[in-house]
Amino acid sequence: HFGLFDKNDVCIGATAVYHHADYADVARFVASYIRRPYRRKGLSDLYFKARLNWAKAYGYKKAIVSHGEGNPVSEQAIKKHGFTFTHSEPTVWPDGPINNKIFYE
């Protein structure tokens with residue numbers, strides 16, 4: 001897990017990366033969140049750099065990331081960091097809606 005803090009040491013976001021349960025050489029990027037007042041400032045770059053560096057340091061050959069359909073901000077950030085679309089899957093989200101989860105590697 002990685003936390004993102006402002007200059008006053010207030011947590012303004014978090015993200016995570018973990019070992020993909022089905023593939024020994026794949027890291028899974030998940031759960032990126034930045035509090036609303038801090039969005040659109042390029043801070044997601046820090047998340048991607050931290051997770052990519054972690055994955056490389058631990059010898060992972062591939063990373064997988066996803067977002068919910070209809071989230072162009074996440075899509076743009078993911079593609080900016082060199083990920084390419086692989087597939088989508090229908091998903092029931094914890095808060096109830098059903099739509100596609102879009103995957104990249």
Side-chain angles (χ1 to χ4, degrees):
H1 294 97
F2 297 94
L4 186 60
F5 296 85
D6 72 5
K7 62 184 175 189
N8 298 313
D9 288 332
V10 173
C11 184
I12 60 170
T15 193
V17 58
Y18 66 90
H19 170 80
H20 193 294
D22 297 330
Y23 306 100
D25 62 347
V26 177
R28 181 77 168 91
F29 293 8
V30 296
S32 294
Y33 176 77
I34 298 174
R35 289 176 54 196
R36 202 168 292 282
Y38 298 90
R39 294 178 185 172
R40 299 196 184 274
K41 298 180 186 296
L43 296 173
S44 68
D45 286 347
L46 298 172
Y47 285 166
F48 280 98
K49 288 175 185 172
R51 294 178 298 181
L52 287 166
N53 287 337
W54 182 91
K56 287 177 187 173
Y58 284 93
Y60 289 93
K61 305 288 186 225
K62 183 180 358 178
I64 295 175
V65 64
S66 63
H67 67 81
E69 186 174 49
N71 187 339
V73 174
S74 288
E75 179 181 0
Q76 181 181 1
I78 289 166
K79 288 179 176 179
K80 176 182 175 183
H81 289 89
F83 288 84
T84 56
F85 171 80
T86 58
H87 68 285
S88 63
E89 296 176 4
T91 302
V92 178
W93 297 93
D95 57 351
I98 300 171
N99 74 356
N100 288 320
K101 186 183 281 188
I102 313 300
F103 288 86
Y104 304 82
E105 58 181 59

* Asked: Which heavy-atom pair separates H1 from A16 by the least distance, and what is that distance?
  -> CD2-CB, 3.5 Å
* Out of curiosity, N71 CG to S66 OG, how far, rounded to the nearest 0.5 Å? -> 10.5 Å
* Structure fact -> Partner of Y104 under side-chain hydrogen bond (donor to acceptor under 3.5 Å, both in side chains), picked from K79, H87, H67, is H67
* Minimum heavy-atom separation for I34 to S44, with atom names? -> CD1-N, 3.9 Å
* To do: Hey, can you tell me if Y60 and H19 have their rings parallel, tilted or perpendicular (30° and 60° cut-offs)?
  => tilted
* Does the side chain of R35 come within less than 4.5 Å of C11's, by heavy atoms? -> no
* Asked: Can R51 be said to sit on top of F48's aromatic six-ring, NZ or CZ under 6.0 Å from centre and within 45° of the ring axis?
  -> yes
* Structure fact -> Nearest heavy-atom contact between G70 and P72 is O-CD, 3.3 Å
* **Contact check, side chains of V65 and H81, non-hydrogen atoms, under 4.5 Å** => no
* Side chain proximity check, F85 to E75, heavy atoms < 4.5 angstrom -> no
* Is there a side-chain contact (heavy atoms from CB on, under 4.5 Å) between R40 and V73 once you walk through the steps? -> CA-CA 9 Å; R40 299 196 184 274; V73 174; 3.4 Å; yes
* Structure fact -> Taking every heavy atom of G13 against every heavy atom of Y47, the minimum-distance pair comes out as C-OH, 3.0 Å
* Evaluate side-chain contact (heavy atoms from CB on, under 4.5 Å) for L4 paired with Y33, printing each intermediate quantity in order. => CA-CA 9 Å; L4 186 60; Y33 176 77; over 6 Å; no
* Should F29 and I78 be marked as a side-chain contact (heavy atoms from CB on, under 4.5 Å) after you check the CA-CA gap, both sets of side-chain angles, and the distance that decides it? -> CA-CA 10 Å; F29 293 8; I78 289 166; over 6 Å; no
* Asked: In terms of heavy-atom contacts, does CZ of F5 have more than 12 from other residues, nucleotides or ligands at under 6.0 Å?
  -> yes
* CG of N99 to OG1 of T91: how many Å apart, nearest 0.5 Å? -> 7.0 Å
* To do: For T15 and V30, work out which heavy atoms get closest and say how close.
  => OG1-O, 3.2 Å
* Among the clusters formed by ILVMFWY side chains lying less than 4.5 Å apart, do F2 and Y58 turn up in the same one? -> yes
* Asked: Do the side chain of N100 and the main chain of E69 share a donor and acceptor less than 3.5 angstrom apart?
  -> no
* Do I64 and F83 sit in the same hydrophobic cluster, where Ile, Leu, Val, Met, Phe, Trp and Tyr count as joined when their side-chain heavy atoms come under 4.5 Å apart? -> no
* To do: Kindly indicate, with the supporting measurements, whether the criterion side-chain hydrogen bond (donor to acceptor under 3.5 Å, both in side chains) is fulfilled by D25 and H20.
  => CA-CA 8 Å; D25 62 347; H20 193 294; over 6 Å; no
